[in-house]
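See structure below.
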Amino acid sequence: MSSRVLVTGAGGMLGQDVVRAARAAGLEPVALPRAELDVTDADAVAAALARARADAVVNCAAWTDVDGAEADPDGARAVNATAPGVLARAAADAGARLVHVSTDYVFDGDRPADAAPYVESDATGPRSVYGATKLEGEQAVAAAGGSHAIVRTSWLFGVGGANFAATMLRLAAERDELSVVTDQVGFPTATAHLAPALVSLAAGEARAAEGIVHVAGGGEPCSWNAFATEIFRQADVACRVLPCTTAEMPRPAPRPAFSALVSERDDAPRLPRWQEGLSDFLHARKVTA
Ligand SMILES: NC(=O)c1ccc[n+]([C@@H]2O[C@H](COP(=O)([O-])OP(=O)(O)OC[C@H]3O[C@@H](n4cnc5c(N)ncnc54)[C@H](OP(=O)(O)O)[C@@H]3O)[C@@H](O)[C@H]2O)c1
């Protein structure tokens with residue numbers, strides 16, 4: 001009998017790809033979008049776990065509006081911090097392993113652009129409400145005591161939701177030049193590449209990995225400006241990418257300037273270079289258009 005994997009936030013950008021990846025791996029996904037399971041409803045979470053009889057849970061539900069979290073910290077905390085703890089305890093009670101998704105924004109990013117990427121054992125120091133609530137969520141999952149992997153990832157893009165790559169392509173259709181920041185550096189990560197790694201951590205080869213695991217696009221880190229340049233190069237779009245700084249583009253929530261993640265663990269799944277993720281994304285976009 002194949003493993004059953006419950007996916008929360010299954011309607012989100014990553015959630016959709018996790019459901020696809022679970023199916024592709026021969027597992028039985030139980031896909032619960034927000035309309036079918038609100039993870040802030042503890043009774044509903046317990047009932048869903050009991051009903052699903054899942055061997056593993058992948059939590060893709062989150063408050064992902066980074067700027068909006070500054071205005072509503074309680075709302076963000078309920079989804080990103082309290083709910084993962086409740087989910088982790090319910091999963092532990094049901095004997096299901098939990099794979100919980102976290103973020104590079106748990107780091108302060110105060111490293112120079114050419115510094116070594118963050119590894120799992122580096123000190124955290126979130127600069128935003130979003131980052132702080134995601135870090136609290138990590139701690140709540142660990143405190144629940146069940147089998148779990150907390151996967152920190154970064155700069156996600158996929159066909160199932162709004163993301164930087166899709167925004168750049170939309171804007172390029174309207175303008176012939178765009179200003180993009182050069183002073184934020186990280187690893188772009190294709191959800192289509194991350195999703196099979198999460199499935200592997202949930203019920204596949206990597207299921208023995210416990211605790212925090214960094215999984216992001218491979219290769220060399222880049223700035224958003226360099227990412228935009230590569231998007232237009234691969235998509236063969238004639239749009240000039242001009243340099244600008246974060247200070248010139250103020251946003252409500254501060255972003256870590258440097259948030260590249262790599263893993264120091266032997267048992268961490270490794271993803272292809274982010275440029276390959278981008279190429280697969282652009283291809284999938286054409287197919288689904
Ligand atoms: N996007 C990135 O660049 C990035 C980077 C690093 C880490 N991450 C992490 O990756 C994970 C997946 O993010 P994503 O990019 O796929 O974002 P997403 O598309 O916004 O997906 C999040 C999903 O969670 C759902 N959700 C929100 N509140 C919920 C609740 N109370 N109960 C159940 N579902 C709820 C959302 O539903 P609605 O849309 O209906 O609100 C949405 O479908 C998150 O943990 C995020 O923190 C994302």
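One-based numbering, in listed order, for ligands and for the atoms of each. Keep in mind that what you see is a predicted model, and the values were worked out from it rather than measured.
Below 3.5 Å of separation, one finds an N or O of Gly12 facing an N or O of ligand 1. For Ser102, no nitrogen or oxygen atom sits less than 3.5 Å from a nitrogen or oxygen atom of ligand 1, counting backbone and side chain alike. Below 3.5 Å of separation, one finds no N or O of Gly9 facing any N or O of ligand 1. On a distance-only criterion, Arg34 and ligand 1 share at least one N/O pair closer than 3.5 Å. Annotation: Thr64 places an N or O atom under 3.5 Å from an N or O atom of ligand 1; distance criterion only. Below 3.5 Å of separation, one finds an N or O of Leu14 facing an N or O of ligand 1.
Surrounding CD of Glu36 are more than 12 heavy atoms belonging to other residues, nucleotides or ligands, all under 6.0 Å away. Taking a 6.0 Å sphere around CD of Glu264, one finds it holds more than 12 heavy atoms contributed by other residues, nucleotides or ligands.
Between Gly219 and Phe187, the shortest heavy-atom contact is O-CE2, 3.3 Å. Nearest heavy-atom pair across Val45 and Val39 is CG2-O, 3.6 Å. Listed here is the closest heavy atom pair of Pro221 and Val185: CB-CG1, 3.8 Å. Among all heavy-atom pairs drawn from Gly277 and Phe157, the shortest one is O-CE1, 3.5 Å.
Distance check for atom 39 (O) of ligand 1: every protein heavy atom is found at 4.0 Å or beyond.
The OH atom of Tyr105 lies 8.0 Å from the CH2 atom of Trp155; values are rounded to the nearest 0.5 Å. Rounding to the nearest 0.5 Å gives a distance of 9.0 Å between CG of Asp280 and CD of Gln234. With rounding to the nearest 0.5 Å, the separation of CD1 in Ile150 from CD in Glu120 is 11.0 Å. In this structure, the separation between CG on Leu169 and CG on Leu282 is 6.5 Å, given to the nearest 0.5 Å.
Taking all heavy atoms of Ala61, Ala10, Gly75 into account, the minimum distance to atom 34 (N) of ligand 1 is reached by Ala61.
Per-residue contacts place Thr103 under 4.0 angstrom from the following atoms of ligand 1 (heavy atoms of the residue considered): 6 (C), 7 (C). Atoms of ligand 1 found under 4.0 Å from any heavy atom of Trp155, numbered from 1 in the order shown, are 3 (O), 5 (C). Close contacts between ligand 1 and Gly11 involve ligand atoms 43 (O) [criterion: under 4.0 Å to a heavy atom]. Which parts of ligand 1 touch Thr40 is read off a 4.0 Å heavy-atom cut-off, strictly below it: atoms 31 (N).
Using a 4.5 Å heavy-atom cutoff, the side chains of Arg152 and Tyr118 are not in contact. Using a 4.5 Å heavy-atom cutoff, the side chains of Leu87 and Leu98 are in contact.
With a heavy-atom cut-off of 4.0 Å, Val39 touches ligand 1 through backbone and side chain alike. Neither the backbone nor the side chain of Phe157 has a heavy atom within less than 4.0 Å of ligand 1. Here Asn80 has no heavy atoms under 4.0 Å from ligand 1, in either its backbone or its side chain.
Hydrophobic cluster membership is shared by Val18 and Val151, with clusters built from Ile, Leu, Val, Met, Phe, Trp and Tyr side chains linked at under 4.5 angstrom.
In this structure, the protein non-hydrogen atom closest to atom 3 (O) of ligand 1 is Leu156 N, 3.0 Å. Given atom 6 (C) of ligand 1, the protein heavy atom at minimum distance is Thr153 O, 3.2 Å. Regarding atom 33 (C) of ligand 1, its nearest protein heavy-atom neighbour is Leu37 O, 3.2 Å. Summary of contacts: the protein heavy atom closest to atom 45 (O) of ligand 1 is Lys134 NZ, 2.7 Å. Distance from atom 46 (C) of ligand 1 to its nearest protein heavy atom, with residue and atom name: Tyr130 OH, 3.6 Å. Looking only at protein heavy atoms, the nearest one to atom 11 (C) of ligand 1 is Val101 CG1, 3.7 Å. Nearest protein neighbour of atom 22 (C) of ligand 1, counting heavy atoms only, is Cys60 O, 3.5 Å. Considering only non-hydrogen protein atoms, atom 36 (C) of ligand 1 sits nearest to Ala62 O, 4.4 Å.
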message = Run the side chain to side chain contact (heavy atoms under 4.5 Å, CB included) test on Phe107 and Ser259 for me, step by step, so that the C-alpha distance in whole Å, both residues' side-chain angles and the decisive distance to 0.1 Å come before the verdict.
response = CA-CA 7 Å; Phe107 293 109; Ser259 68; 5.6 Å; no

